[in-house]
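When reading the values below, keep in mind they use all heavy atoms of this one structure, side chains included, and skip hydrogens, waters and symmetry mates.
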Amino acid sequence: MKNQLVNHIATKQIFACDFKQLSQAINASLDDIESDDFFQLRPESKIENGIGMIWIQGLLTNDVPKIYEKAGIVTTYDTIKSEIQGLILAGAQAIQININSGGGSVNGAIELSRWIASLPVSTAALVTSCACSAAYMIAAATDRITASETAMVGNIGTIMTWTDYTALDERMGIKEKALTNEGATLKSTFHIEPNEEQLAFLQETLNQHGQEFGNFIISRREVDSEVFRAGWYSGQKALDLGLIDNLT
């Protein structure tokens, strides 16, 4: 039965699963199965030759259950700050931030990045896979960014998404309504379909955070204006645009 399941996974090419990990789990006894057979656990911070090493991976945000961090799915801004503080207190003479993240929440990103930029020790970012959006802001906070040839960097900008269930609700006979106190015309934003005033408010908020993001990047690096279209780049292109300092 085990071999049949392994062959099925291989032939059907179930890309949502890691074939190597599943094969290992199927053919192992329960005593042989470890948590890192199923999750890409985030390495613990450490000091090597005087350099403090910290790893950032997964979604960047704040205030999530610890299990998400332990499973390597999320890295919180508070964890990043506390680990860097711990490394410096332990005697690290420089900090290297190893990044593999597509970004995350606006809340906390700019504060952490400004804090990293103000550190009293030299800092560097190493990107082996991805440093986009909020993750790139953190990278830009360091003194030097190194990336592998195929790593994606950039995506400088802000985005807000929501799902419109109007058509589905109508089919089910559901109609969303909201009532607010007089003058609180923005209170019902997201409770019902946004009107023109609410959409303008959301756009203003996005523009504000996007401008803060862009201003921070400009304060840290000399970049081509192309990067503010919020594209992501790799290799020589990322180097030419000023997003990174060198390639590995």
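Looking at heavy atoms from C-beta onward, I217 lies in side-chain contact with V223 at the 4.5 angstrom threshold. Taking the side chain as every heavy atom from C-beta outward, Y136 and V127 never approach each other to under 4.5 Å.
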Show me the side-chain donor-acceptor pairs of residues 161-177 shorter than 3.5 Å, one per line, residues at least two apart or across chains.
from, atom 1, to, atom 2, distance (Å)
D164, OD1, T166, N, 2.9
D164, OD1, T166, OG1, 2.4

Listing, residues 58-68 side-chain donor-acceptor contacts under 3.5 Å, not counting sequence neighbours, or none:
from, atom 1, to, atom 2, distance (Å)
N62, OD1, Y77, N, 3.4

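With sequence neighbours left out, the side-chain contact (heavy atoms from CB on, under 4.5 Å) criterion links A71 to F39, I73. Residues satisfying the side-chain hydrogen bond (donor to acceptor under 3.5 Å, both in side chains) test with T79, not counting sequence neighbours, are E69, T76. Judged as a side-chain contact (heavy atoms from CB on, under 4.5 Å), and not counting sequence neighbours, the contacts of T150 are S148. With sequence neighbours excluded, no residue satisfies side-chain contact (heavy atoms from CB on, under 4.5 Å) with A124.
Each side chain to side chain donor-acceptor pair (under 3.5 Å) pair with one or both residues in residues 107-118, not counting sequence neighbours, would appear here, but there are none. Sorted by first and then second residue, the ring pair (Phe, Tyr, Trp, His ring centres under 6.0 Å) pairs involving residues 194-248 (not counting sequence neighbours) form an empty list. For residues 70-86, the pairs satisfying salt bridge (charged side-chain N to carboxylate O under 4.0 Å, His left out) are R42-E83, with sequence neighbours left out. Applying the side chain to side chain donor-acceptor pair (under 3.5 Å) definition to pairs two or more places apart or across chains, those involving residues 124-134 are N100-S129. Under the salt bridge (charged side-chain N to carboxylate O under 4.0 Å, His left out) criterion, the residue pairs touching residues 197-226 are D143-R220, R221-D245, E226-R229, with sequence neighbours excluded.
V121 is connected to I80 through a chain of hydrophobic side-chain contacts under 4.5 Å among Ile, Leu, Val, Met, Phe, Trp and Tyr, so both are in one cluster.
Here I51 is tied into one hydrophobic group with M53, W55, each link being a pair of ILVMFWY side chains closer than 4.5 Å.
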